[in-house]
Each structure stands twice: as structure tokens, then as C-alpha cells.
Amino acid sequence: MKKRKILCLRLQKNSASFDQYLQEEEWEIHYAAEILVAERMMREEPYLVCLLAIENVELIQYEALIQLLKAHPECEWIGVFHPDSLLSWKCHELILGHLFDYHTQPIESQRLAQTVGHAYGRAMMRQQSKRRFSTTKDMAMVGESPAMKSLFKHIKQIASSEATVLIGGENGSGKELTALAIHRCSPRSNGPFVPVSCGSIPSQLIQSELFGYQRGAFTGAAAQKAGFIESADHGTIFLDEIADLPLDLQTNLLRFLQEKTITRIGSSASIPVNARVIAASNVNLQEAVKAGKFREDLFYRLNVLPIIVPPLRERKEDIELLANHFLEVFGKERKTRLNGFTSEAVQAMLSHNWPGNVRELINRIRRAIVTTDGRLISAEDLNLEIQSLLKNDDLANVRISAEREAIFNCLVRAGKNKTRAAQDLGVSRMTLYRLMEKHGLSGNLEHIHSKPAANSENAHHRTSDMHYSAPIKSPKLG
């Protein structure tokens, strides 16, 4: 098994040594005795797990330590403290706000190995989650569902063209992000991207805002000004809520699409503008054409390359991925660190219909980040109802049963040789022992006649904790 690296920041001379506990579990330990040294080491090579050994919290550079922890959110920190340190409010703040878990001296080797392994697994999941949408980084979008994969493919096809694009989709689904993705993947990516919300500009100003004006063209026009379309020269202009554009300005826009020139208010000169137009609407423009509210010829000019952004309820597979992404992005606004979502919160998000789409998800998560008192965001923090967990329980039971069967069969194949079984399963011996105990396999295999009930309440809670939470242990468990 390849050795995994772990950094131990040991801030006092008498702090415990961890070699004897972790080297047998294939950990490669790197030590640092100063915060600045640890910072340099973490810049030079990544660590997914770090140990923090402190004898007396009051005697360290506390603020510098907090800055180090906040600067490396990708790392899971585990504290090792002298029991007397737990009397300090700084220690409480450190544990509750920034650490994955903590232990007290004297160290119990088996428990420490389990904690480090659990922390490493969590950090790996976070790293893998980032990789899952790293291929869409240029698109500034997150998603793995079939609907989003189809959208990404369509974006790349559309991006290489110069034709106009009409984006459809519900409010909050991500139409502007889709337009930005088309721009970023296009040959115009080095040019400007100019987003314009046609519905938010007062009707008396929209012509001057879109097409610009000359000095003295009207009262208040003290200087010449280029409009949004001219500002997008050699780039892309995104016209959101295009259905709100007044009919007389629809004529002007149609002329620009045909001739690629604009005329500022107060001028008779035509100005050539090389800008690609992407428009979006949350209403059916064909119905607007029938109602006489939108020009038919403009509709066909815009609808050369149509694309639809799927609503969030049609891409349920992306909800947890998006939630963790937004938690990472907006969690930086919070002083203390959040570890994720409870299993009930995840279930509530999957059960919700999301009428406000991704925008609603962002709003709920940002509010929860501010209001939650725990390390995990709950369904109550998100202001979502907890739906029936029957299906979730069934899935958990299947997972527990399959895990137990896999371990049992592996032990049988290995002739009850636990070292070989652990290697076959790709886990450490300590992890195998913990899993055997969890599933009632710690005794002699010959004496196992039946599987424990898969719907055991304790087993379900243990599995939920393993995937969604990182509970802070009491000092006595250190």
C-alpha cells in the first residue's frame, strides 16, 4: 500500500510523538515546529490531513495559527491537546470552529488511527468532488447529470459559431451562466462579455443605454457615451429578458443584427460593431409573437441556435454537488468552518421541487451559512421540510448489507487472514477491524450463522455519520 503523507505541526517540545501510532498504518509523517514552517511546507506540497499538537493553547501564536487553518480549507486538521488545554476558551473556539476532530493525551493509538483515516477519506471525497466538475471550469458551471452533460456538449457546439443564440429556461436556472460559458468557449473569449437585463432598464433609458448617445443629444447628455452594444465590440453582448424590449427598439436591434452597425442618439453616423448577440427569455417568444408583443422577424433572427437550460428539478443528481460547491464558495464569509450537510438536509434538498432553481439553492445555502449554530447545515437551517426518509433508509440498508457481505466474503477468501483481507479491500488493518466490529464479524467466522438486521437503527446512524458528518468527540474519548 502506498504511504499517505501527513503533516504534524508540533508547537511545543513536549508534545506527543505520533510515529509509533501511524507508521504501522502506512503513514509518512512530516514534522513542523513552527507555524511559518508549516505554511511553507503546505505551499510546497499538498497535505490532506494535518495533526496539530499543542500542550498549552495560551502560549502559542493563536491568530497566526487560525490564519494558517483558514488558508488551507482543503486540509482536515486533527488536534491533540493536553487535557488542561480544554479549559481554555481559545481551545474551544479552535476545536468547534476549525478542526475535524480532536484527541487528548495520552493518545489511544487505535482511535487516533481511525480518526486520521476518516479525515483522509473525507478530504479525498472533497478532492474528488472538485475534480468531477473541473472539466467545466471554463464554463463556470457545475453539473454531472445527463441534462447538464447534454447542455455542455451543446454549448461547445454553439460556441464555435458566429450565429445568434436564443437561450430559454426558467428564472434562476442559469441562463446568464450559459451565455458566459458560450462566450468563454468561443474564439471571442478574449473580448468583452457585456450582460444586459432588458427588463431592469427603464423604458425611457433603454435606447440610450443600448445604442449610446452624442454629447448634447438630450438634457443631461454632458458627454459622449458608447452604448452596451458598442462596448461589446469584438466580444459578446448578452440580452437577458429580451421579451421586455419595447417594440420600437426591437426594430433597432433587428437593424443591428442585419447590418452590424449602430447609430448613437443625436448622431447620423453609422458605427460598425463586431459583437455576437446572445439573447435569453423566460417566456415563450413564439406565444409573444402571436400576441403581437414581439416582432416575428426579430424572433427568427435570434432563434438561429436555440438552447434550453434545464430547471434544477430535472437535474436532481447535481443538487448535492451544487450545494457543496456553493458551501465552499460562500462558506468563506463565515468566521468558523462548516463541514457540510446532515443526511436529513441532503434528503430535504433532493425532495424539494426548487421553483426558484439554482438561484433559490444559493439563497438558502447563504442564509444557512449565516444562521446555523452547528458544524453541519441541517434541513431546518435551509428552511426545508424533512420529507419521509423511507427510501433513504432502504438505500442505507442495502449499502450496509452489501458492505457486510463484501467484508465477509473477502475474509473467507483470505482464509481469515486479516492482513491479506485488508489489502484485498484496499483499506488499513485498523479500518478492517472497525468494519468487522460494526458488522458483527469480529468473532470467529465459523460461529457466524446469520447477518445482523440491516435495518438496525444504530447501523443506519453509523453509516450516515460516516458519509455526512464529522462529530467532535468528548475529551474522555481522546
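In what follows, residues are counted from 1 in the order of the sequence shown. Everything quoted here is computed from the prediction, not taken from an experiment.
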Does the side chain of [X] reach to within under 4.5 Å of the side chain of [Y], using non-hydrogen atoms?
X    : Y    : answer
F341 : E320 : no
D244 : F294 : no
L51  : I6   : yes
I362 : H325 : no
C75  : M42  : yes
L69  : L99  : yes
T178 : V165 : no
K225 : E209 : yes

*asked:* For L302 and L298: C-alpha separation, side-chain torsions, deciding distance, then whether side chain to side chain contact (heavy atoms under 4.5 Å, CB included) applies.
replied: CA-CA 6 Å; L302 294 172; L298 178 58; 4.0 Å; yes

Consider only side-chain N and O atoms of [X] and [Y], and report whether a donor and an acceptor are under 3.5 Å apart.
X    : Y    : answer
D318 : S145 : yes
N282 : E170 : no
N363 : R366 : no
E360 : H352 : yes
R276 : T164 : no

*Between R4 and Y120, is NZ or CZ placed under 6.0 angstrom from the six-membered ring centre and within 45° of the ring axis?*
yes

*Should the pair K260 and F256 be classed as cation-pi, given the thresholds of under 6.0 Å to the six-membered ring centre and 45° from the axis?*
yes

Could you list the donor-acceptor pairs under 3.5 angstrom formed by side chains in residues 231-238, with sequence neighbours left out?
{"residue": "S231", "atom": "OG", "partner": "G227", "partner atom": "O", "Å": "2.9"}
{"residue": "D233", "atom": "OD1", "partner": "N274", "partner atom": "N", "Å": "2.7"}
{"residue": "T236", "atom": "OG1", "partner": "H183", "partner atom": "ND1", "Å": "2.9"}

Report yes or no: does [X] contribute a side-chain atom to a donor-acceptor pair with the main-chain N or O of [Y] at less than 3.5 Å?
X    : Y    : answer
S208 : L205 : yes
R334 : I369 : yes
N284 : Q286 : yes
R264 : Q214 : no
S150 : P146 : no
S267 : T263 : no
S378 : T342 : no
Y62  : K90  : yes
D240 : A279 : no

Is it the case that over 12 heavy atoms from other parts of the model lie below 6.0 angstrom from the [atom1] atom of [X]?
X    : atom1 : result
Q224 : CD    : yes
L247 : CG    : yes
E28  : CD    : yes

*Go through the steps for E162 and R188 under the test salt bridge (charged side-chain N to carboxylate O under 4.0 Å, His left out), then give the verdict.*
CA-CA 9 Å; E162 285 291 310; R188 296 176 174 267; 2.6 Å; yes

*asked:* According to side chain to side chain donor-acceptor pair (under 3.5 Å), who are the partners of T372, at least two apart in sequence or on a separate chain?
replied: D381

_Can you confirm whether or not the ring centre of H30 sits under 6.0 Å from the ring centre of Y47?_
yes

*Do V49 and I78 pass the side chain to side chain contact (heavy atoms under 4.5 Å, CB included) test, and can you show the C-alpha distance, the side-chain angles, and the key distance before you say yes or no?*
CA-CA 8 Å; V49 180; I78 300 167; 4.1 Å; yes

*asked:* Rounded at 0.5 Å granularity, tell me how far CZ in R359 sits from CD in E176.
replied: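 Those atoms lie 9.0 Å apart.
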
*side chain to side chain contact (heavy atoms under 4.5 Å, CB included) between W354 and I319, worked out*: CA-CA 10 Å; W354 298 108; I319 289 176; 3.5 Å; yes

